[in-house]
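We count ligands from 1, going down the list as the structure has it; atoms in each ligand are counted the same way. Remember, predicted model here, so these are calculated numbers, not experimental data. The figures that follow rest on heavy atoms only: side chains count, while hydrogens, waters and symmetry mates do not.
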Amino acid sequence: MHGKLTIVGAGAVGTSAAHWALAKSVAKEVVLIDVVDGLPQGKALDCAQSSPIEGYSGHIKGTNDYEDTKNSDCVIITAGLARKPGMTREDLLEKNVQIVKTVTQNIVEHSPEAILIVVTNPIDAMVYTAFKVSGFPKQRVVGMAGVLDSARYRYFIAQELGVSPNDVSALVMGIHGDNMLPLTRLASVGGVPVEALIPKDKLNEIVKRTQNGGGEIVGLLKSGSAFTTPGLAAIEMAEAILKDQKRVLPCAAYLEGEFGIDGVFLGVPVVLGRNGVERILEFPLTPEEKDALNLSVEAVKRQVESIHGI
Ligand code: A3D
C-alpha cells in the first residue's frame, strides 16, 4: 500500500473515486472531505462496507476537517458544481474558481508536498487556478480529462469494430471541450491503424461523439454529469503517482514551449510517477493537427482570461 490520498468533494465523482481507490488498493489511507456535514462520513462508510464483499482492506475516513487530510501525498479535487442540461463547462467557471481557490489554500496549508489532480470543470482553467493559488511547481499540478476522453474514444472504436476495448490504443489531446483533438492518425487496435479498418465518415462520427461524450451523458441524466468513469480516470492517475508507475497518460499539464504552446494547461501525453508530471512526450503533429490544437489553446486562453480574484 502506498501513501495517503485525499479526495475533495464527496459528490458523484468524488464518491466514485473513493470507491475505485479502495477497490484498486491505490493508497494506504484514503480521506474523503466535503463542506456538507455528514455527506463525506456517510459516503465513506458506504464505500468501506463493500470491503468484505470485494475483499480489500484499505482504510477510508469521511470528514469536514482539513486536519484529517494532513500530509497527503496526492489530492484529487472534485469540489464544485457540475453541469446541468443546456450548460457548458464554461458556465461553471465563476463559481468553481472560488471553490477551487479555497480548497487549494486548505490543501497547501495541510499538505505542502502533495501532488494535485484537478477534476473540477472547466478543467483546463481550474487546474490553472490550482497551479497559481498553490504556488506548487508545475510537475505537482495536473488535470484529469484526457484519460476520460481517451477512454470514451477507445470504447467507441471498440464498439464499432466489435473488439475488446483493451486492445484499442488511442489518444485525445487538447482542451476538455468541443475543440478536443482525438487523434485518428495514431489510433490503433492491436497495433493495426484504425484508419485502415474504419471508413473515414464513420471515424469522423466517432470523433464527434467523443467530443460530445460528456454532453451526451448530461443530456441523458438530466441532472448531474458523468461520474463513474471520471472517478476511475482520476484514480488511474493517482495510482500512477502513488505507486510511481511511470504510466503514459493524457493529462492537462502546464506547457512551456512543448508543441509550440506556452503558458497554459492543455491535454498532452505525460509520464506520471512519484514526482507528478515527470515528462511530457512531445512528437511532431501534422499541420492539420496543429491547427486543431490551436483551437484548444485559444479556447483555454479565453477561459483563463475570464478568471478573476486569484
Ligand atoms: P457533485 O455531485 O455536485 O459534487 C460536488 C461536491 O463538491 C458536492 O458534494 C459539494 O458539497 C462539494 N463542494 C462544494 N464546495 C466545496 C468546497 N469548498 N469544499 C469541499 N467540497 C465542496 O458534482 P460531481 O461530483 O458530479 O462533479 C464534480 C466536478 O467535477 C464538477 O465541476 C464537474 O463538472 C467535474 N467533472 C469533471 C470531469 C472531467 O473529465 C474533467 C468529469 C466529470 C465531472
Side-chain angles (χ1 to χ4, degrees), residues 6-20 31-44 62-66 68-69 75-85 87-107 109-110 116-130 133 142-153 172 174-178 180 210-218 221-237 249-252 265-267 300 303:
T6 284
I7 300 163
V8 188
V13 176
T15 305
S16 164
H19 163 78
W20 287 114
V31 178
L32 183 62
I33 184 165
D34 199 288
V35 281
V36 179
D37 180 36
L39 183 72
Q41 292 85 346
K43 294 285 185 79
T63 183
N64 308 110
D65 183 355
Y66 275 93
D68 293 317
T69 71
V75 176
I76 299 174
I77 301 177
T78 77
L81 306 184
R83 278 197 292 170
K84 297 190 175 66
M87 282 175 87
T88 64
R89 292 181 179 90
E90 285 74 13
D91 292 333
L92 303 172
L93 192 132
E94 208 174 309
K95 291 221 165 63
N96 285 351
V97 163
Q98 293 313 317
I99 292 174
V100 169
K101 181 181 172 184
T102 311
V103 167
T104 304
Q105 287 166 337
N106 278 309
I107 293 300
E109 186 186 335
H110 293 86
L116 306 182
I117 300 173
V118 183
V119 179
T120 306
N121 270 321
I123 175 62
D124 305 277
M126 293 306 107
V127 66
Y128 180 85
T129 302
V133 172
V142 59
M144 188 293 287
V147 175
L148 172 65
D149 296 328
S150 300
R152 286 174 173 158
Y153 189 32
V172 176
I175 192 173
H176 183 53
D178 298 344
M180 73 177 73
T210 304
Q211 289 167 328
N212 186 43
E216 182 178 357
I217 291 177
V218 170
L221 293 180
K222 299 184 182 67
S223 105
S225 54
F227 52 93
T228 304
T229 311
L232 175 59
I235 290 305
E236 189 175 42
M237 291 168 63
L249 299 172
C251 302
F265 278 85
L266 206 67
V300 173
Q303 286 180 3

A.B. asks: Please state which part of A233 comes within less than 4.0 Å of ligand 1, counting heavy atoms only: side chain, backbone, both or neither.
C.D. replies: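 It is neither part, as no heavy atom is under 4.0 Å.
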A.B. asks: Measure A12 to ligand 1 on non-hydrogen atoms and call it side chain, backbone, both or neither using the 4.0 Å cut-off.
C.D. replies: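 Under 4.0 Å from ligand 1, A12 contributes backbone and side-chain atoms.
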A.B. asks: Between M144 and ligand 1, find which residue part has any heavy-atom pair under 4.0 Å and reply side chain, backbone, both or neither.
C.D. replies: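 Contact part for M144 vs ligand 1: both backbone and side chain.
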A.B. asks: Would you give the length of the straight line joining atom CD1 of I99 to atom OG1 of T78, rounded to the nearest 0.5 angstrom?
C.D. replies: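 Answer rounded to 0.5 Å: 10.5 Å.
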A.B. asks: Below a 4.0 angstrom heavy-atom separation, can you tell me which part of L81, side chain or backbone, both or neither, approaches ligand 1?
C.D. replies: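 Only the backbone of L81 comes within reach of ligand 1.
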A.B. asks: Got a second to check how far L81's CG is from L93's CG, nearest 0.5 Å?
C.D. replies: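 Interatomic distance, L81 CG to L93 CG, rounded to 0.5 Å: 11.0 Å.
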A.B. asks: Atoms of ligand 1 less than 4.0 Å from A79 heavy atoms?
C.D. replies: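 By the 4.0 Å cutoff, the relevant atoms are 7 (O), 13 (N), 16 (C), 20 (C), 21 (N), 22 (C).
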A.B. asks: To the nearest 0.1 Å, how far is atom 4 (O) of ligand 1 from its closest protein heavy atom, and which atom is that?
C.D. replies: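 Sorting protein heavy atoms by distance from atom 4 (O) of ligand 1 puts G11 CA, 3.2 Å first.
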A.B. asks: Any idea which heavy atoms bring S225 and I217 closest together, and the distance?
C.D. replies: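 S225 and I217 have their closest heavy atoms at C-CG2, 4.5 Å.
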A.B. asks: Taking the minimum heavy-atom distance to atom 36 (N) of ligand 1, which of L221, D124, N121, T120 ranks first?
C.D. replies: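 It is N121 whose heavy atom sits nearest to atom 36 (N) of ligand 1.
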A.B. asks: Does at least one non-hydrogen atom of G224 fall below 4.0 angstrom from an atom of ligand 1?
C.D. replies: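 Distance cut 4.0 Å: G224 fails for ligand 1.
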A.B. asks: Of all the non-hydrogen atoms in the protein, which one sits nearest to atom 30 (O) of ligand 1, and at what distance?
C.D. replies: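 That would be V119 O, 3.7 Å.
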A.B. asks: Provide, to 0.1 Å, the distance between atom 43 (C) of ligand 1 and the closest protein heavy atom, together with that atom's residue and name.
C.D. replies: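 Nearest neighbour among protein heavy atoms for atom 43 (C) of ligand 1, to 0.1 Å: A226 O, 3.4 Å.
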A.B. asks: For I123, take its heavy atoms, then give the atoms of ligand 1 lying under 4.0 Å from any of them.
C.D. replies: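 Ligand 1 atoms under the 4.0 Å threshold to I123: 41 (C).
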A.B. asks: Tell me: protein heavy atom nearest atom 14 (C) of ligand 1, and distance?
C.D. replies: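 Protein heavy atom at minimum distance: G80 N, 3.9 Å.
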A.B. asks: Among protein heavy atoms, which lies nearest atom 29 (C) of ligand 1, and at what distance?
C.D. replies: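 Checking every protein heavy atom, the shortest distance to atom 29 (C) of ligand 1 gives T78 O, 3.4 Å.
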A.B. asks: With heavy atoms of L92 as the reference, note each atom of ligand 1 found under 4.0 Å away.
C.D. replies: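 With L92 as reference, the close atoms of ligand 1 come out as 34 (O).
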A.B. asks: Starting from atom 25 (O) of ligand 1, find the nearest protein heavy-atom neighbour and note its residue, name and distance.
C.D. replies: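 That would be V13 N, 2.8 Å.
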A.B. asks: Does T129 reach the main-chain N or O of V97 with its side chain, forming a donor-acceptor pair under 3.5 Å?
C.D. replies: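 No; zero donor-acceptor contacts below 3.5 Å.
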A.B. asks: Examine the proximity of ligand 1 to T102 and report which part, side chain or backbone, both or neither, has a heavy atom under 4.0 Å away.
C.D. replies: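 Answer for T102: neither.
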A.B. asks: Tell me whether N106 contacts the main-chain N or O of T102 through its side chain, where contact means a donor paired with an acceptor under 3.5 Å.
C.D. replies: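 Present.
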A.B. asks: Side chain, backbone, both or neither: which applies to L148 and ligand 1 if a contact is any heavy-atom pair less than 4.0 Å apart?
C.D. replies: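 Side chain only.
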A.B. asks: Answer side chain, backbone, both or neither: which part of T15 comes under 4.0 Å from ligand 1, heavy atoms only.
C.D. replies: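 Under 4.0 Å from ligand 1, T15 contributes no heavy atoms.
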A.B. asks: Specify the protein heavy atom at minimum distance from atom 39 (C) of ligand 1: its residue, its atom name, and the distance to 0.1 Å.
C.D. replies: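 Sorting protein heavy atoms by distance from atom 39 (C) of ligand 1 puts H176 NE2, 3.5 Å first.
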A.B. asks: Taking T104 for the side chain and A130 for the main chain, is one N or O donor matched with an acceptor at less than 3.5 Å?
C.D. replies: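 A pair under 3.5 Å: no.
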A.B. asks: Give me the nearest non-hydrogen protein atom to atom 15 (N) of ligand 1 as residue plus atom name, then the distance to 0.1 Å.
C.D. replies: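 Answer for atom 15 (N) of ligand 1: I99 CG2, 3.6 Å.
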A.B. asks: Please indicate whether any nitrogen or oxygen in D34 is less than 3.5 Å from any nitrogen or oxygen in ligand 1.
C.D. replies: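 Yes; at least one N/O pair falls below 3.5 Å.
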A.B. asks: Report the part of V35 in contact with ligand 1, treating N, CA, C, O as backbone and CB onward as side chain, heavy atoms under 4.0 Å; options are side chain, backbone, both, neither.
C.D. replies: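 The part of V35 near ligand 1 is both the backbone and the side chain.
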A.B. asks: Looking only at atom types and distance, does a side-chain atom of D124 sit under 3.5 Å from a main-chain N or O of H176, one as donor and one as acceptor?
C.D. replies: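 Judged by distance alone, yes, a pair lies under 3.5 Å.
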A.B. asks: May I ask you to list the atoms of ligand 1 that are less than 4.0 angstrom from any heavy atom of V36?
C.D. replies: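 Counting from 1, the qualifying ligand atoms are 11 (O).
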A.B. asks: Checking the side chain of T15 only, and the main-chain atoms of A10 only, is there a donor and an acceptor separated by less than 3.5 Å?
C.D. replies: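 Yes, T15 side chain to A10 backbone: donor-acceptor pair under 3.5 Å.
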